[in-house]
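Please read the structure below before turning to the comments.
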2 protein chains.
Amino acid sequence: MRISISDRAAGTRPRERIYVSLRDAIVSTEFHPGQRLSETDLAARLGVSRTPIREALVRLRDDRLVEIVPQLGTYVARISHTAVADAQFVRESLECAAVRIAAEKADSEDVAALRAIVERQREAFRASDVARFYVFDDELHRSLSELSGHGIAWSLAQRASGHLNRIRRLSMTMPAYIDEMIEEHVLVIDAVAAGEPERAETALRAHLQMVVSGLPDIERSHPEYFER
Amino acid sequence: MRISISDRAAGTRPRERIYVSLRDAIVSTEFHPGQRLSETDLAARLGVSRTPIREALVRLRDDRLVEIVPQLGTYVARISHTAVADAQFVRESLECAAVRIAAEKADSEDVAALRAIVERQREAFRASDVARFYVFDDELHRSLSELSGHGIAWSLAQRASGHLNRIRRLSMTMPAYIDEMIEEHVLVIDAVAAGEPERAETALRAHLQMVVSGLPDIERSHPEYFER
DNA sequence: CTTCACATACTTGCATACAAGTATGCCCGG
DNA sequence: CCGGGCATACTTGTATGCAAGTATGTGAAG
C-alpha cells in the first residue's frame, strides 16, 4: 500500500496540515471506504507521533468520515446512503439560503467575477482537466456563499459534505456531465445577476441535485465502498 | 472560582462527557467569555489528564467556542456579532428547510406529540421553571427536525449555535418573552398540522429571529462578554 | 481432520515527560 | 525613585510509555 499524502497541504501548521491531508486522502478515496487505519502507521508515514494524528482523527470522526472503535481499530467510513442524504440536505439548505441573499446583494462587479470563474471552468473542460474543473467548481460555490455575507454556509457545508464529495470524486471520470454542470452554473448566475432570489434558488437546487444523480452508477461499480 | 462541572453529563464515555461538560460550562457562561482556561487546571478539576481535555478543546475550537493560542493560553471565545449572525443563519436555514419537509410528512400522531411538548412548556412556564422550559424548547425543535427525516439539521444547527445559545442562556432571566415564544410554537405546529410548508417556514423563521432580538439588551448588561 | 484453548501481537485510551515559547515579576543599575 | 534586563513560572505542542481489551494464529487434544 503506497501512500503519497505527506507532501500535500504544505505550509500550514502541522496540526491543520495533518487533518487536511487525512481528510483529502479519505475524500479522494486514496484511503478506501472500509479500510482500516492504524494511528501508529499514519504517525510513522507522516513523520509525527500519534498525538497529532489522534487529534485529526477525532475531528474526522465529527465529520463522520472515520469510525473509531476502542481497542479495535479506526476505519474509513463506508459511504452511507443516509450520510449522503444528510449531507445533501445540509448543502442544499445552506447554499440555497445563501444564494437567495446573494441574488439580492450582488452588483455587476460581483456577477462579472462569477462569470469569470465559469469561464475558467470552460477552459478546464476544453483542456479535459477534470481536477481543475472541480477546483473552480468549489471556487464558484464558495464565492456565491461569501457574496451573501455568510461564508460560513460554504465552509460548514463543505465540512459536512465529506460523504458527498467522495461521490463527486468518484464520478469525476464522467465528463459527460461537465458541460451540463457549466450550463447550470450559468443559469444560477443569470438569476443572481437579474436579482431574482427565487429563480436563483431553484436553479442552484437543481444543480446540486445533479451531484447525487450519479450515485447509483457509483454504487454499481464500487459496491464494496458502501454501507451494508 | 468554584466550578461544578464534574458531575454533569454522567454516564457517557469519558471523552464525550468531558466535551459536553466543557461545552455546557461555556454555553451557560459558567466559564465567562474571555476567561482564560488552563489545560492543566481543567484536567485536575475533572480528575483526568491533559490528553482528553485537549481532545475536547480541539473540538470546541471547531465550534468556535474557544480560541487556542499556542504557547500562550486557551480562552473562552467572546461573543462575536458575526459568529452570532452566522449561527443564526445556519440555524434558520437548516431548521426552516426541515420544517417544510416536516409539514409535508407529519400525521396526526406526530402533531399530537408536538402539542404535548408545548403543553409541557406551558407547565414549566406556570411553575416558573425557566431551565425546564428551555429543555422542552430544545426537545420541540429537535422533534421538528427529526420529523423531516433529517435529524442532522438539529444536531448540526445545535453544534454550530454555541454563540447563539449563550445569548439564549443570558436572556433566560426575561420571562416576559416566554409566553410569546409558546404562542409562536403553537403557530408553527398549527401550520405543520395543516400541511402548509410555506406558512410553517415563515412562522418558524419569525420565531427563531426572536432569540436574537434580546441581543442589544444583553450587550448592554454584559459588555465585557463581547468582542471588540 | 476438527476443534478448543492459550499466548502473542496488535489496537485505542489515557497519563506523563519533555520541548519551545511567552508574559510577568524581581532585581540591579542609573 | 524610575526603568530596563533577566530569570522564572507558566502556557500549549509533541512524543512516549503504560493499561485495557480484542482478534488472530498456533499448538495440542479428541
Side-chain angles (χ1 to χ4, degrees), chain A residues 1 3 5-6 8-23 25-26 31-78, chain B residues 1 3 5-6 8-23 25-26 31-78:
Chain A
M1 178 176 60
I3 308 287
I5 57 182
S6 50
R8 266 188 226 151
T12 57
R13 295 213 310 286
R15 285 167 24 178
E16 196 65 15
R17 193 203 68 190
I18 291 171
Y19 168 72
V20 172
S21 294
L22 293 181
R23 192 179 212 282
I26 292 173
F31 289 163
H32 299 69
Q35 176 179 338
R36 180 177 185 171
L37 300 178
S38 161
E39 293 181 357
T40 315
D41 190 42
L42 292 173
R45 236 181 262 281
L46 292 175
V48 293
S49 80
R50 279 178 55 209
T51 308
I53 298 288
R54 278 186 59 80
E55 222 171 69
L57 289 177
V58 167
R59 298 177 68 193
L60 289 169
R61 186 168 62 86
D62 279 340
D63 297 345
R64 300 170 73 175
L65 284 178
V66 303
E67 288 168 17
I68 305 176
V69 186
Q71 274 79 38
L72 212 160
T74 303
Y75 301 86
V76 178
R78 290 181 196 276
Chain B
M1 179 177 62
I3 308 286
I5 57 183
S6 51
R8 269 189 224 149
T12 55
R13 294 212 310 285
R15 285 166 25 176
E16 195 66 14
R17 191 203 68 187
I18 291 170
Y19 169 72
V20 172
S21 294
L22 292 182
R23 192 179 212 282
I26 293 173
F31 289 162
H32 299 70
Q35 176 178 341
R36 181 175 184 171
L37 299 178
S38 161
E39 293 181 357
T40 315
D41 189 43
L42 292 173
R45 238 181 261 280
L46 293 174
V48 294
S49 81
R50 278 180 55 208
T51 308
I53 297 288
R54 278 188 59 80
E55 221 172 72
L57 288 178
V58 167
R59 298 177 68 192
L60 289 169
R61 186 168 61 86
D62 280 339
D63 297 345
R64 300 170 72 177
L65 284 178
V66 304
E67 289 169 15
I68 305 176
V69 185
Q71 273 77 39
L72 212 161
T74 303
Y75 300 87
V76 177
R78 290 180 197 275

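- If you take CG of Leu37(A) and C1' of dT12(C), they are 13 Å apart, rounded to a whole angstrom.
- Rounded to a whole Å, the CZ atom of Arg50(A) is 14 Å from the P atom of dC10(C).
- Residue Leu72(A) contributes atom CG, which lies 10 Å from atom C1' of dC10(C) at whole-angstrom precision.
- Out of dT11(D), dC14(C), dT11(C), the shortest distance to the side chain of Thr40(A) is found at dT11(C).
- With hydrogens and angles ignored, no donor-acceptor pair closer than 3.5 Å exists between the side chain of Gln71(B) and the base of dT11(D).
- Phosphate contact (OP1/OP2 of dA15(D), side-chain N/O of Ser49(A), threshold under 4.0 Å): present.
- The side chain of Pro52(B) lies closest to dA15(C) when the candidates are dG13(D), dA15(C), dT12(C).
- Protein atom CD of Glu55(A) is 11 Å distant from nucleotide atom P of dA15(D), rounded to whole Å.
- Between Thr74(B) and dT12(D) there is a side-chain N or O to OP1 or OP2 distance below 4.0 Å.
- Glu16(A) places its CD atom 12 Å from the P atom of dG13(D), with the value rounded to the nearest Å.
- Distance CZ (Arg54(A)) to P (dT16(D)): 16 Å, rounded to an integer number of Å.
- Here dT22(C) presents its P atom at 17 Å from CD1 of Ile68(B), a figure rounded to the nearest Å.
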Item to check | Arg23(B)/Glu16(B) under salt bridge (charged side-chain N to carboxylate O under 4.0 Å, His left out): CA gap, chis, key distance, verdict | outcome: CA-CA 10 Å; Arg23(B) 192 179 212 282; Glu16(B) 195 66 14; over 6 Å; no
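- The OH-C1' distance, from Tyr19(B) to dG13(C), rounds to 20 Å in whole Å.
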